[in-house]
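All values reported here derive from a predicted model rather than from experimental measurement.
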Amino acid sequence: MVETASFGRFHFNHHRPDLKRWIPAFLSSHRTLFTILWIAAFASVFVWQRNIVEGLLTFRRAPARPLPRLRPAVYNLTDFGGVGDSVTVNTEAFERAISAISKLGKKGGGQLNVPAGNWLTAPFNLTSHMTLFLDQDAVILGIQDEKYWPLMPPLPSYGYGREHRGARYGSLIHGQNLKDVVITGHNGTINGQGQTWWKKYRQKLLNHTRGPLVQIMWSSDIVISNITLRDSPFWTLHPYDCKNVTIKNVTILAPIFEAPNTDGIDPDSCEDMVIEDCYISVGDDGIAIKSGWDQYGVAYGRPSVNILIRNLVIRSMVSAGVSIGSEMSGGVSNVTVENLLVWNSRRAVRIKTSPGRGGYVQHINYRNLTFDNVRVGIVIKTDYNEHPDDGFDPKALPILEDISFTGVHGQGVRVPVRIHGSEEIPVKKVTFRDMSVGITYKKKHIFQCAYVEGRVIGTVFPAPCENLDRYDEQEQLIKHSKSQNVTDIDYDF
């Protein structure tokens, strides 16, 4: 924005001056004054610029924020031989530090500070009652050679493995059966250096499923905040079968193309979880809530339940901003997604499943969603036919019901809604209220439905599909639909 100033009027003598006499006299008498003013102006500019430079240098030289003391015992990685030069491998330094902290559980645990620097390391394990604190300009770098990454058994709710049968690579930062773990900092970074992994995956040179960047399993009371996670080999942040998890003020980054399966956050069979105030731009789903895959997930039997997602900005050009599934065989329920902005993305929010999954997705509430330049806004897909093996039961049909969308707005959306139920897997008890989405295509059928039962309350734009009942703002029935099984799905645009 350009600001303009308004000046008052100048009043001149209406008599025309004798310019031939006035100008030479003026210049002669004022030459010295002009010279002085010019020198003063130049000096002022010089001093002004010098002050700016000194100010910037002072700003750059400003001392780093002191590291808070969050535990009774505080260690620095350098105390254990760590060297942050991007070359020295610091795995043993991390292991020695964490071993020391593991002995302090009854005394309140310990804090490991990672100072500014580039700290190359192979994967390492956390311990209970621990705070990992990354200072500003601290970067933990994952070593790129997969021979340094340990192999682990496949996840029990996924059977033989997500990408390959058998063992899988562990995560860069890992934890199992832990309690009271904090990963935080002054926005330091954990960088998986996933480029080598992505290339080998595309070239089919890997014999095991890639590992996540951070994976915490069978643990409780976990807080991850005020850090940046980037360039994971596979899923970025994977809490597995955990309780009481908070993820707050986290930035998650990966290239939006050519970074396969770099989901941002994958809550998997988790209970009582909050994800808030995060920015995510990755090469797959921003968030994907999961609970196991086909018969293995059904047998494991741990749902994802009581999850609150709020105040997020997400970009996903390959998949969706917030997804549920497709691995949801243990069930997903009591999920709230609110105050979400999805921009420049392929899809905004999506539920995906298929025959063979079993399980359920129910009691899901979306509130205050904003879509900006999104190809498809809301997606429910029931034919996502990807299975771990041939042992799944095709008669294990998931239940999709009680899903509400309130306050949905945006612009530049090609297809605002595509709910693709089926005769085997109908979508039931869907509610739309307060929806107005600016569209890029003026085709008739852009609110697409198939085998859907539910209602529209009040005014919704664009016009909803005929599968849904119509109610007024007071929730009084206006028109009952007799066309729940009508199919109006068009994937051509």
Side-chain angles (χ1 to χ4, degrees), residues 66-77 79-80 82 91 93-115 119 121 123-135 138 140 152 155 170-190 211-229 235-252 265-278 289 302-310:
L67 302 185
R69 186 183 185 94
L70 305 175
R71 300 278 185 178
V74 178
Y75 300 105
N76 193 305
L77 187 61
D79 299 337
F80 299 87
T91 313
F94 277 108
E95 290 174 344
R96 287 193 292 266
I98 294 168
S99 176
I101 292 173
S102 69
K103 301 171 184 177
L104 303 174
K106 294 182 179 180
K107 298 179 181 180
Q111 174 176 328
L112 176 58
N113 292 331
V114 181
W119 308 88
T121 181
F124 60 87
N125 295 313
L126 303 176
T127 189
S128 292
H129 310 294
M130 172 182 177
T131 296
L132 178 64
F133 194 97
L134 280 72
D135 196 6
I140 296 177
M152 304 181 64
L155 295 169
S171 58
L172 178 63
I173 297 180
H174 192 78
Q176 294 186 192
N177 302 302
L178 304 181
K179 184 177 178 63
D180 179 25
V181 174
V182 178
I183 303 175
T184 188
H186 288 156
N187 199 31
T189 298
I190 302 172
L213 186 64
V214 179
Q215 184 178 60
I216 310 294
M217 305 173 61
W218 303 305
S219 300
S220 63
D221 303 327
I222 308 299
V223 176
I224 300 174
S225 66
N226 301 316
I227 59 171
T228 295
L229 306 175
W235 300 343
T236 303
L237 177 52
H238 185 210
Y240 181 84
D241 198 353
C242 291
K243 294 183 179 180
N244 193 20
V245 179
T246 299
I247 301 170
K248 182 181 177 69
N249 290 329
V250 173
T251 299
I252 302 179
I265 305 172
D266 286 358
D268 202 336
S269 296
C270 287
E271 180 178 351
D272 298 333
M273 185 170 184
V274 175
I275 303 171
E276 61 184 353
D277 303 326
C278 296
I289 302 173
R302 301 283 201 283
S304 281
V305 61
N306 301 336
I307 297 176
L308 172 61
I309 299 169
R310 63 187 177 191

Asker: Between Asn187 and Thr228, do the side chains contain an N or O donor and an N or O acceptor separated by less than 3.5 Å?
Answerer: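 On atom types as modelled, these side chains qualify, holding a pair under 3.5 Å.
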Asker: Between Leu132 and Ile98, does the side-chain contact (heavy atoms from CB on, under 4.5 Å) criterion hold? Intermediate values first, please.
Answerer: CA-CA 9 Å; Leu132 178 64; Ile98 294 168; over 6 Å; no
Asker: Hey, mind stepping through Leu178 and Met130 against side-chain contact (heavy atoms from CB on, under 4.5 Å) and telling me if it holds?
Answerer: CA-CA 10 Å; Leu178 304 181; Met130 172 182 177; over 6 Å; no
Asker: Using distance alone, with no hydrogens and no angle criterion, decide if His129 and Asp180 have a side-chain donor and acceptor under 3.5 Å apart.
Answerer: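 Asp180 and His129 do have a side-chain donor-acceptor pair below 3.5 Å.
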Asker: Look only at the side chain of Thr184 and the backbone of Ser225, and say whether a donor-acceptor pair between them is shorter than 3.5 Å.
Answerer: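 Confirmed, Thr184 side chain pairs with Ser225 backbone.
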Asker: Test your reading of the model: is there a side-chain donor-acceptor pair from Ser269 to the backbone of Arg302, 3.5 Å cut-off?
Answerer: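 Confirmed, Ser269 side chain pairs with Arg302 backbone.
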Asker: Would you check if Ile309 and Ile289 make a side-chain contact, meaning some heavy-atom pair closer than 4.5 Å?
Answerer: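 Yes, their side chains come closer than 4.5 Å.
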Asker: Would the distance check show the side chain of Ser304 and the main-chain N or O of Cys270 forming a donor-acceptor pair, the cut-off being under 3.5 Å?
Answerer: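 Between the backbone of Cys270 and the side chain of Ser304 there is a qualifying donor-acceptor contact (under 3.5 Å).
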Asker: If we ignore hydrogens and angles and just use 3.5 Å, is the side chain of Arg96 paired with the main-chain N or O of Phe80 as donor and acceptor?
Answerer: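 Here the side-chain-to-backbone pair exists.
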Asker: Rounded to the nearest 0.5 Å, how far does CD1 of Ile173 lie from CD1 of Ile216?
Answerer: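 Here the interatomic distance stands at 8.0 Å.
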Asker: What distance do Gln215 atom CD and His174 atom NE2 have between them, rounded to the nearest 0.5 Å?
Answerer: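 Output value for this atom pair is 5.5 Å.
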Asker: Find the distance between OG1 (Thr251) and CD1 (Ile227) and round it off to the nearest 0.5 Å.
Answerer: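 The distance works out to 9.5 Å.
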Asker: So, for Ser219 and Met217, which heavy atoms are closest and what is the spacing to 0.1 Å?
Answerer: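 Nearest pair, atom of Ser219 first, then Met217: OG-O, 2.7 Å.
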Asker: Test Pro267 against every option in Ile275, Ile247, Val245 by the side-chain contact (heavy atoms from CB on, under 4.5 Å) rule and name the one that passes.
Answerer: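 Answer to the side-chain contact (heavy atoms from CB on, under 4.5 Å) test with Pro267 among Ile275, Ile247, Val245: Ile275.
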Asker: For Pro115 and Asn113, work out which heavy atoms get closest and say how close.
Answerer: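 Closest heavy-atom pair between Pro115 and Asn113: CD-O, 3.5 Å.
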Asker: Under the side-chain contact (heavy atoms from CB on, under 4.5 Å) criterion, do Phe133 and Val114 qualify, and how do the steps go?
Answerer: CA-CA 6 Å; Phe133 194 97; Val114 181; over 6 Å; no
Asker: Could you state the interatomic distance from CG (Asn249) to CD1 (Ile224), rounded to the nearest 0.5 Å?
Answerer: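 Asn249 atom CG to Ile224 atom CD1 measures 13.0 Å (nearest 0.5 Å).
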Asker: Please identify which of these residues, Asn306, Asp221, Asp272, meets the side-chain hydrogen bond (donor to acceptor under 3.5 Å, both in side chains) condition with Asn244.
Answerer: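 Considering Asn306, Asp221, Asp272, a side-chain hydrogen bond (donor to acceptor under 3.5 Å, both in side chains) with Asn244 is found only for Asp221.
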Asker: Please give me the minimum heavy-atom distance between Ser128 and Lys179, naming the atom from each residue.
Answerer: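 Shortest heavy-atom contact: OG-N, 3.0 Å.
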Asker: Between Thr189 and Leu134, is the side-chain contact (heavy atoms from CB on, under 4.5 Å) condition met? List the steps.
Answerer: CA-CA 7 Å; Thr189 298; Leu134 280 72; 5.6 Å; no
Asker: Testing the basics here: between Gly108 and Pro72, what is the closest heavy-atom pair and its distance to 0.1 Å?
Answerer: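 Smallest interatomic distance, heavy atoms only, reads O-CD, 3.6 Å.
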Asker: Using a 3.5 Å distance criterion without hydrogens, assess whether the side chain of Ser99 forms a donor-acceptor pair with backbone atoms of Ala97.
Answerer: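 Pair absent, no side-chain N/O of Ser99 close to backbone of Ala97.
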Asker: Ser171 and Pro123: which non-hydrogen atoms are nearest, and at how many Å?
Answerer: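 That would be O-CB, 3.2 Å.
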Asker: Might you point out which heavy atoms bring Thr131 and Leu70 nearest each other, and give the distance in Å?
Answerer: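 In terms of heavy atoms, the two residues are closest at CG2-CD1, 3.9 Å.
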Asker: Distance-only, no hydrogens or angles: does the Gln111 side chain make a donor-acceptor pair with backbone N or O of Pro68 under 3.5 Å?
Answerer: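 Such a contact is found between Gln111 side chain and Pro68 backbone.
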Asker: How many angstroms lie between atom CG of Leu77 and atom CD1 of Ile140, to the nearest 0.5 angstrom?
Answerer: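 Reported value, rounded in 0.5 Å steps: 8.0 Å.
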Asker: Could you measure the distance from the CD1 atom of Ile183 to the CG atom of Leu237? Nearest 0.5 Å is fine.
Answerer: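 Reported to 0.5 Å precision, the distance equals 7.5 Å.
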Asker: I want to check something: taking the side chain as every heavy atom from C-beta on, are Arg71 and Ile101 in contact at a cut-off of under 4.5 Å?
Answerer: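 When only atoms from C-beta onward are counted, Ile101 and Arg71 do not touch, as no gap falls below 4.5 Å.
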